[in-house]
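Only one structure is covered here, and it is reproduced in the block below.
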2 protein chains.
Amino acid sequence: MEANIESKFKAAVSVDNVVFGFDNNDLKVLLIYRGAEPYKDCWALPGDLISLDQDLEQSAENVLQNLTGLDNIYMDQIHTFGRVDRHPFGRVFTVAYFALIKIQDYLVKPSSWAEEAAWFPINEVPELPFDHMEILEYAKDLLKNKIRHQPIGFELLPKYFTLTEIQSLYEAILETQFDTRNFRKKLLSMNLIVDTGRQQKEVAHRPAKLYKYITKRYAQLQQSGFSFDL
Amino acid sequence: MEANIESKFKAAVSVDNVVFGFDNNDLKVLLIYRGAEPYKDCWALPGDLISLDQDLEQSAENVLQNLTGLDNIYMDQIHTFGRVDRHPFGRVFTVAYFALIKIQDYLVKPSSWAEEAAWFPINEVPELPFDHMEILEYAKDLLKNKIRHQPIGFELLPKYFTLTEIQSLYEAILETQFDTRNFRKKLLSMNLIVDTGRQQKEVAHRPAKLYKYITKRYAQLQQSGFSFDL
DNA sequence: CTATAAAGTGTGTAAATTACACTTATTCAA
DNA sequence: TTGAATAAGTGTAATTTACACACTTTATAG
């Protein structure tokens, strides 16, 4: 039994990544300056067409890998966009992913198809081509929901971070304010982070303790019916 | 400016629907008996290749429309599956959707490409072809999460339902038990459902009051920061 | 009219969430 | 060296929410 798929069904499929970072109390998104048509010379989400011998997940990881040189990044599929006219050169479906990276740990290098890459504060994103703005909005919503129910905020912070930093991160993403004492109490009571004994250095005020996130803990706690919530 | 997408990137894209129903205290899923290759004569998720002139969402709705004759069904995109070898006839990405339907209101008619369609209790699903089992698991997980945070359970019940019915539905899907008094208290306190004044008829015990879900309420309440949780 | 079956209802206790303000540790500049 | 500036760090009482728990009511069937 052999057969082929009729060519009247054949379209291209791409991946587009919404890469989030956190820096200077701002949530940021990584955009590339397109060096090729269509929409040459526009800022856009980093993405690429999927070649036929590559798994979907793999493609999304490769795009990010080319862009950042990083492995082992938190990624998640968001949604697939497939309006007939979303791409001017033909029918192209795109599978959107989001990624969370530790912005200060790594420098971003533009890939072959991009002339430049840069971080934009989430509220200062320029006009985006295709349906990229819609994708970005989708990603923001997902991030907001997810960060409240899963301990993924730590993916955006350095290995060692202060309680004030994690609180600012939550406040920036959720666009709310938390009471410092209550926030700390709740976060610490989950036993997902521990005091490393280290401290901030060279700050013009009382230095904050540095904590780190214990990845294993969450997996263990989940077994016992624990559910993360902030 | 004109260009085309190289054919080395061209693949097929399909939609597959996980259609849930609830009946006799059981969560059920709708499968079709495939009348065409590949996997002819297997039970599978209803799906179809997307033709190039059709939007993605539209395709998913059409598959369901052909199968059930129904419009206006709750649908949600789940995830996109794109392993290179997931389809024996070539590269086929599939975008999975889930749909919730009121099983008792409508009879299911098999579509052209299916010889038969039938409801299977979620724990008595036969082996499925392609990666359909993986898709189904994904859909079950999503349903479990979603039903706790959004008032979508009502989509699975008749227009008028009893409190016992909605409780059984939650118990079946979440695989837990709820205390009757607490469940009712919480559900009613959300003001999303109202007593219609009607009653069950011809049951061999005290007849239950019939309630209905007020769609508009949820939208209103959301504005004011309300969040559904059960 | 009695048995059966499921519907319907309230209260006290424990746990979680919220509101709220001052003290401490460090750097920098006078 | 000392005081001003800055952000870190900390506890308790009040309120709200979640949880555990058992009997009464209303219908039908025989």
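Side chains are part of it too, since the values below use all heavy atoms of this structure and drop only hydrogens, waters and symmetry mates. Chain letters run A, B, ... following the sequence lines, proteins first, then strands; residues in each count from 1.
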>> My understanding is that only one of A:Leu210, A:Thr215, A:Ile214 makes a side-chain contact (heavy atoms from CB on, under 4.5 Å) with A:Lys212; could you say which?
In response: A:Ile214

>> So for atom CG, which belongs to A:Asp229, do other residues, nucleotides or ligands contribute more than 12 heavy atoms lying within a distance under 6.0 Å?
In response: yes

>> How many whole angstroms separate atom CG of A:Asp229 from atom C1' of D:dT17?
In response: 14 Å

> With respect to the side chain of A:Ala208, which nucleotide from D:dA7, D:dG9, D:dT26 is positioned closest?
Replying inline: D:dG9

> Would B:Tyr138 and B:Glu134 count as having a side-chain donor-acceptor pair, cut-off 3.5 Å?
Replying inline: no

> So, is B:Thr164 close to the C:dA7 phosphate, meaning a side-chain N or O under 4.0 Å from OP1 or OP2?
Replying inline: yes

>> Using only atom types and a distance under 3.5 Å, with no angle test, would you say the side chain of A:Gln77 pairs donor to acceptor with the backbone of B:Thr80?
In response: yes

> Can a side chain N or O of A:Gln200 be found less than 4.0 Å away from OP1 or OP2 on D:dA7?
Replying inline: no

> Side-chain contact, heavy-atom cut-off 4.5 Å: B:Tyr39 with B:Leu128?
Replying inline: no

>> So A:Gln199, base contact, sugar-phosphate only, or nothing? Heavy-atom distance under 4.0 Å.
In response: sugar-phosphate

>> Let's see if you get this right: which residues in residues 168-189 of chain B place a heavy atom under 4.0 Å from DNA chain D?
In response: B:Asp179, B:Arg181, B:Asn182, B:Lys185

Close N or O pairs between protein and nucleotides 28-30 of chain C (under 3.5 Å):
none

> To the nearest Å, how far apart are A:His205 NE2 and D:dT6 C1'?
Replying inline: 6 Å

> Under 4.0 Å: is that the gap between some side-chain N or O of B:Lys209 and OP1 or OP2 of C:dT9?
Replying inline: yes

> Around atom NZ of B:Lys140, are there more than 12 heavy atoms of other residues, nucleotides or ligands at under 6.0 Å?
Replying inline: yes

>> Quick one: does any side-chain atom of A:Thr94 pair with a main-chain N or O of A:Phe81 as donor and acceptor, under 3.5 Å?
In response: no

> For A:Gln167 and D:dT10, what is the distance between atoms CD and P respectively, to the nearest whole Å?
Replying inline: 14 Å

> Without hydrogens or angle criteria, can the side chains of B:Arg184 and B:Thr164 be said to hold a donor-acceptor pair below 3.5 Å?
Replying inline: yes

>> I'd like to know if the side chain of B:Lys102 reaches the main chain of B:Leu157, judged simply by a donor and an acceptor atom lying under 3.5 Å from each other, with no hydrogens or angles considered.
In response: yes

> Counting side-chain heavy atoms from C-beta on, which of C:dG8, C:dT24, D:dT6 comes nearest to B:Arg206?
Replying inline: C:dG8

